[in-house]
Amino acid sequence: MDIQFYNTLTRKKEKFIPVIDGKVSMYTCGPTAYNQAHIGNFRTFLFEDVLKRFLMLVGYEINHVMNITDVDDKTIKKANNENISLKELTDKYTKIFMEDLETLNILPADIFPIATEHVDDMIVMIKSLIDKDHAYITDDGSVYFSIKTFEEYGKLTNLDFDNQIQSERVAADEYSKETPQDFALWKSWKDEDGEIGWDSPWGKGRPGWHIECSAMSIKYLGDHFDIHCGGVDNIFPHHENEIAQSRCSFGSPFVNVWMHSEHLNLEDEKMSKTLGNILSVPSLVKKGYTPESIRFALISSHYRTKIAFSETKLTESKKAVHRINEVYDRLKTLQKTGTSLPNEYEDFVAALSDDLNTPKALGILFSYIKKINKKMDISSFSEKETAMSIHFIENADKIFSLLTHDGRIPEDISALVLKRDKARKSKDWQLSDKIREKINQKGWIVEDSSDGTKCYKA
RNA sequence: GGCGUCGUACCCAAGUGGUCUAAGGGAGCAGUUUGCAAAACUGUCAUUCAUCGGUUCGAAUCCGAUCGACGCCUCCA
């Protein structure tokens, strides 16, 4: 079955053919380590996670690189404001980022290259761009990429720079540039940078924003790799500039498929610090939303559509996730034989093969669940069917990761549950209700079903 | 000004020329089950796809116009 992905570069869905048969190399733009990543950032990281897991499921070997940006305007400013070293600041937020990834069960990249550890690689690349006349040095020792030397500049963004109305921001920028849209490869040191700076052939300074991704992606994935992802806001200028630098420096095709995820908004508002509506992963978990329901909320819309995020959505997601877990638990109590998969599994894979249509794939999974529940209700479910159902759900879970994996019940709770079961057996309803109340107060829920007593976190 | 996206039930959300009198989830309602409660399971829930025209044997899907929401045009996932 063909896999198709929407390529931002060509603005259409294309058949996915990896550069090397059976292997996929992907680069995903990571965080800038100057604050805690918010739920909107994680929408993108989760899209990338699902993409990667899907490619793994269908048999590809993945080489995944995600950068950590630990030097730019924001990190420098914040470190100097807080009077701490750049490393102190970025280590702190990198650590938090890694923890949040783990919370959401996002598979780690194979390599997380750090920008400041690759300044030499960037300098080599900048040098080659100067040598090839794609870049020029200004009086203050900065280096700029000259966009007019690259014919394809603007292709990714679909912008025509010859007929652009100059925005105020651009016009107000450094006047030493040849063309207003030329972008910095190297920024010369300024007073406000404080201690932060690196030596280069053009004097002390620091790398521009885009060069790190070019240098690091090429270092670890080669100058022609399969997929490069990020949020839509990265299309311009970040990825447009990456293409310009990389292609001009190496003369190679660089990236085959560019994939970008749409934004997540809070209700209708854009998340922003001034509005104070930033949601972090730990803050949602603290409110009682499980990582699984957060995952569901973020993947139940297609990655190229905007999400209006809300707590209502999380509550609904929690119930949907519960439904999957419920049927899985039910299946687990039955005998099974065989290793085959149901026909619906093909539809499931086909949905994901069509530009990673996660909502459709979830729909297929849920209607399958309804079907097998009905069958189980009238107890005409064979051991073979049980096995098929379990395999389908487990395979789907390899991508979505919605089954509750750490449902471990603390000892004091399970002791109470046992005590209550005993009371129920002797029909001491008063005592059993009392214990139930106690368990509820501790934040757990007990339910009596025909399969026995169930207990899970509220 | 340029480039582009979107508008599907009470809410969320697939579907992009015929199998659509439109998948799936949540809510509601009804039933089954149950010591009770909760949960679970089942059934039900859009002759209609922002509006108006057009193309076509056939349109939610293509084209045009209108209305509405939004993104990008060097901070941003």
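By convention in this document, chain letters (A, B, ...) are assigned in the order of the sequence lines, proteins followed by strands, and residues within each chain are numbered from 1.
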Applying a 3.5 Å limit to both distances, which nucleotide forms a Watson-Crick or G-U wobble pair with [N]?
{"N": "B:U19", "value": "none"}
{"N": "B:C49", "value": "none"}
{"N": "B:A13", "value": "none"}
{"N": "B:A27", "value": "none"}
{"N": "B:G7", "value": "B:C67"}
{"N": "B:C36", "value": "none"}
{"N": "B:C72", "value": "B:G2"}
{"N": "B:G58", "value": "none"}

Under 3.5 Å, is there a donor on one side chain and an acceptor on the other for A:His64 and A:Thr28? yes
Do A:Asp110 and A:Tyr220 pair up side chain to side chain, a donor and an acceptor below 3.5 Å, judged on atom types alone? no
Indicate, with a heavy-atom threshold strictly under 4.0 Å, whether [X] touches base, sugar-phosphate, or nothing.
{"X": "A:Ser300", "result": "sugar-phosphate"}
{"X": "A:His322", "result": "sugar-phosphate"}
{"X": "A:Lys374", "result": "sugar-phosphate"}
{"X": "A:Arg424", "result": "base"}
{"X": "A:Thr305", "result": "sugar-phosphate"}
{"X": "A:Gly40", "result": "base"}

Integer angstrom distance from the [atom1] of [N] to that of [M]:
{"N": "B:A9", "M": "B:U51", "atom1": "P", "answer": "10 Å"}
{"N": "B:G18", "M": "B:G71", "atom1": "P", "answer": "33 Å"}
{"N": "B:C20", "M": "B:A59", "atom1": "C1'", "answer": "11 Å"}
{"N": "B:A27", "M": "B:C62", "atom1": "P", "answer": "33 Å"}
{"N": "B:U32", "M": "B:G24", "atom1": "C1'", "answer": "23 Å"}
{"N": "B:C10", "M": "B:A22", "atom1": "P", "answer": "15 Å"}
{"N": "B:C57", "M": "B:A14", "atom1": "C1'", "answer": "28 Å"}
{"N": "B:A60", "M": "B:U19", "atom1": "P", "answer": "9 Å"}

Any N/O donor-acceptor pair, [X] side-chain to [N] base, under 3.5 Å:
{"X": "A:Arg436", "N": "B:C36", "answer": "yes"}
{"X": "A:Asp448", "N": "B:C36", "answer": "yes"}
{"X": "A:Ser432", "N": "B:G35", "answer": "yes"}
{"X": "A:Asp433", "N": "B:G35", "answer": "yes"}

Does [N] have OP1 or OP2 under 4.0 Å away from a side-chain N or O of [X]?
{"X": "A:Lys319", "N": "B:A27", "answer": "yes"}
{"X": "A:Asn357", "N": "B:A14", "answer": "no"}
{"X": "A:Lys370", "N": "B:A23", "answer": "no"}
{"X": "A:Thr157", "N": "B:G4", "answer": "no"}
{"X": "A:Arg323", "N": "B:G25", "answer": "yes"}

Could you give the OH-to-P distance, from A:Tyr368 to B:U42, as a whole number of Å? 14 Å
Whole angstrom value for the distance that separates P of B:A22 from CD1 of A:Ile364: 18 Å
Any donor-acceptor N/O pair, A:Asn67 side chain to A:Gly30 backbone, under 3.5 Å: yes
Walk me through it: do A:Ser293 and A:Thr290 pass the test side chain to side chain donor-acceptor pair (under 3.5 Å)? CA-CA 5 Å; A:Ser293 32; A:Thr290 61; 2.7 Å; yes
Would A:Trp429 count as stacking on B:G35 if stacking means ring centres less than 5.5 angstrom apart and planes tilted under 30 degrees? yes
Less than 4.5 Å apart, side chain to side chain, heavy atoms only: is that true for [X] and [Y]?
{"X": "A:Pro108", "Y": "A:Leu101", "value": "no"}
{"X": "A:Met98", "Y": "A:Tyr93", "value": "no"}
{"X": "A:Thr44", "Y": "A:Tyr303", "value": "no"}

Of the listed nucleotides B:A77, B:G26, B:C36, the one nearest the side chain of A:Glu316: B:G26
Of the candidate nucleotides B:C72, B:G4, B:A14, which contains the atom at the shortest distance from the side chain of A:Ser301? B:A14
Is the number of heavy atoms from other residues, nucleotides or ligands within 6.0 Å of CD (A:Glu346) greater than 12? no
